[in-house]
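The sequence lines fix the lettering, A, B, ..., with proteins before strands; numbering per chain opens at 1.
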There are 2 protein chains.
Amino acid sequence: MLSKKTKYGLKALTFLASQKNRDPIQIAEIAKHENISQKFLESILLTLRRTGYLGSKKGKGGGYYLIKDPTEIPMTTVMRVLEGPIAMVSCVSLNFYEKCDDCPDEQACSVHKLMLKVRDSALDVYRNTTLADLIP
Amino acid sequence: MLSKKTKYGLKALTFLASQKNRDPIQIAEIAKHENISQKFLESILLTLRRTGYLGSKKGKGGGYYLIKDPTEIPMTTVMRVLEGPIAMVSCVSLNFYEKCDDCPDEQACSVHKLMLKVRDSALDVYRNTTLADLIP
DNA sequence: TTATTAATCTACTAAAACTATAGGATAAAC
DNA sequence: GTTTATCCTATAGTTTTAGTAGATTAATAA
């Protein structure tokens, strides 16, 4: 299941991307519009800022705004930042590879074989979808 | 991430499917061969039996054996039994649909739009993969 | 300068899910 | 009737998730 963190993060990004201009939008406004706990959203936006998707401004008239063009934000990177590895087992992960400690032979492993296909199909979707595609 | 339950379940199914005949195999043997905690595997095999994939026999010479032909066991049903919904959000689930309580308009939701594509791509893999395809 | 506003940061907690484990009950074989 | 191995329920430990609290910092406006 998708974590709420990812869900909320995607909604916030889409909301910011759908704005007419790139003026700062307050956390409170995003939270209210998307029905998200403000404090929780706060931490999510912070990680999105640290990763370079969002800019922020403090004080009156402050808030968050999108730095990049939505067409330049592929879902591969967004999902990795918010949700973590795209692969369902680390032994088939491109960016977070780890050997399974219980599995002697990766090539003979049925889980490996299946999850490799699942990862590829998911990657195909994420690589071909940008934030711009999600704007209603 | 894939749960250990699913991982172990898949390994056990593959192990049973790769046997020459359909004689009962003891839990202990499967657990040892696949490096799985025996007690944990016990409960997994139990659910697989209740779902109709496995048969069992008690007492001496007992154990678990595959009931169906591996080519007749698609990953869609196995994954749903072991892991749960294939969709990452319930609002795009075919078998476990639930409306999101925070989302006023499903059609306008960016998460819905993205996860629909991911679900379809995963379904495509699971529908076209049977247990027979996982045997090394 | 001072007050106000809104993001930043650290730390903490409650709840849920996951990963087992314990131990007796049941049924089959011998 | 003893041994063997599955069946079943309950429970406990750990990790992850989701959310909260409260003080700090920076920008704006008076």
List for me each residue that meets side-chain hydrogen bond (donor to acceptor under 3.5 Å, both in side chains) alongside [X], sequence neighbours excluded, and say none if there are none.
X: Lys11(B); value: none
X: Asn95(B); value: none
X: Thr76(B); value: none

Would you mind reading off the distance between [X] atom [atom1] and [N] atom [atom2], rounded to a whole angstrom?
X: Ile30(A); N: dA7(C); atom1: CD1; atom2: C1'; value: 12 Å
X: Leu45(B); N: dC8(D); atom1: CG; atom2: C1'; value: 14 Å
X: Asp101(B); N: dA18(D); atom1: CG; atom2: P; value: 13 Å
X: Asn35(A); N: dG19(D); atom1: CG; atom2: C1'; value: 16 Å

Side chains of [X] and [Y], heavy atoms from C-beta outward: is any pair under 4.5 Å?
X: Leu114(B); Y: Tyr126(A); value: yes
X: Leu131(B); Y: Leu66(B); value: yes
X: Val111(B); Y: Val92(B); value: no

What are the two closest heavy atoms between Ile86(A) and Ala122(A), and how far apart are they?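 Taking every non-hydrogen atom into account, CG2-CB, 4.1 Å.
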Kindly say if Arg50(A) contacts the phosphate of dC9(C), meaning a side-chain N or O under 4.0 Å from OP1 or OP2.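 Indeed, a polar side-chain atom of Arg50(A) lies that close.
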Below 4.0 angstrom from OP1 or OP2 of dA5(D), is there any side-chain N or O of Arg49(B)?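 Indeed not, no polar side-chain atom of Arg49(B) lies that close.
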Asp102(A) side-chain N/O to Asn35(B) backbone N/O, donor-acceptor pair under 3.5 Å: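 No; judged by distance alone, with no hydrogens or angles, the pair does not exist.
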Please, which pairs that meet salt bridge (Lys or Arg N to Asp or Glu O under 4.0 Å) have at least one residue in residues 108-133 of chain A, sequence neighbours excluded?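 As it turns out, there is no salt bridge (Lys or Arg N to Asp or Glu O under 4.0 Å) pair with a partner in residues 108-133 of chain A once direct neighbours are skipped.
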In [range], which residues come under 4.0 Å of DNA chain D by heavy atom?
range: residues 84-100 of chain B; result: none
range: residues 54-63 of chain A; result: Lys57(A), Lys58(A), Gly59(A), Lys60(A)
range: residues 13-29 of chain B; result: Gln26(B), Ile27(B)

By salt bridge (Lys or Arg N to Asp or Glu O under 4.0 Å), which residues pair with Asp69(B), not counting sequence neighbours?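 Applying salt bridge (Lys or Arg N to Asp or Glu O under 4.0 Å) to Asp69(B) gives none.
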Just jot down the side-chain contact (heavy atoms from CB on, under 4.5 Å) partners of Ile25(A), sequence neighbours excluded, or say none.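 Only Phe15(A), Leu16(A), Gln19(A), Glu29(A), Ile30(A) meet the side-chain contact (heavy atoms from CB on, under 4.5 Å) criterion with Ile25(A).
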All side-chain contact (heavy atoms from CB on, under 4.5 Å) counterparts of Thr6(A), not counting sequence neighbours: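 With sequence neighbours excluded, Thr6(A) shows a side-chain contact (heavy atoms from CB on, under 4.5 Å) to Leu2(A), Ser3(A), Leu10(A), Met79(A), Leu82(A), Glu83(A), given in chain and number order.
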If the sugar-phosphate is the primed atoms plus P, OP1 and OP2 and the base is the rest, what is the B/S/- string for nucleotides 12-24 of chain C, using protein heavy atoms under 4.0 Å? -------SBBBB-
Residue pairs, two or more places apart or on separate chains, that pass side-chain hydrogen bond (donor to acceptor under 3.5 Å, both in side chains) and touch residues 38-62 of chain A: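 Matches after skipping sequence neighbours: Tyr53(A)-Thr77(A).
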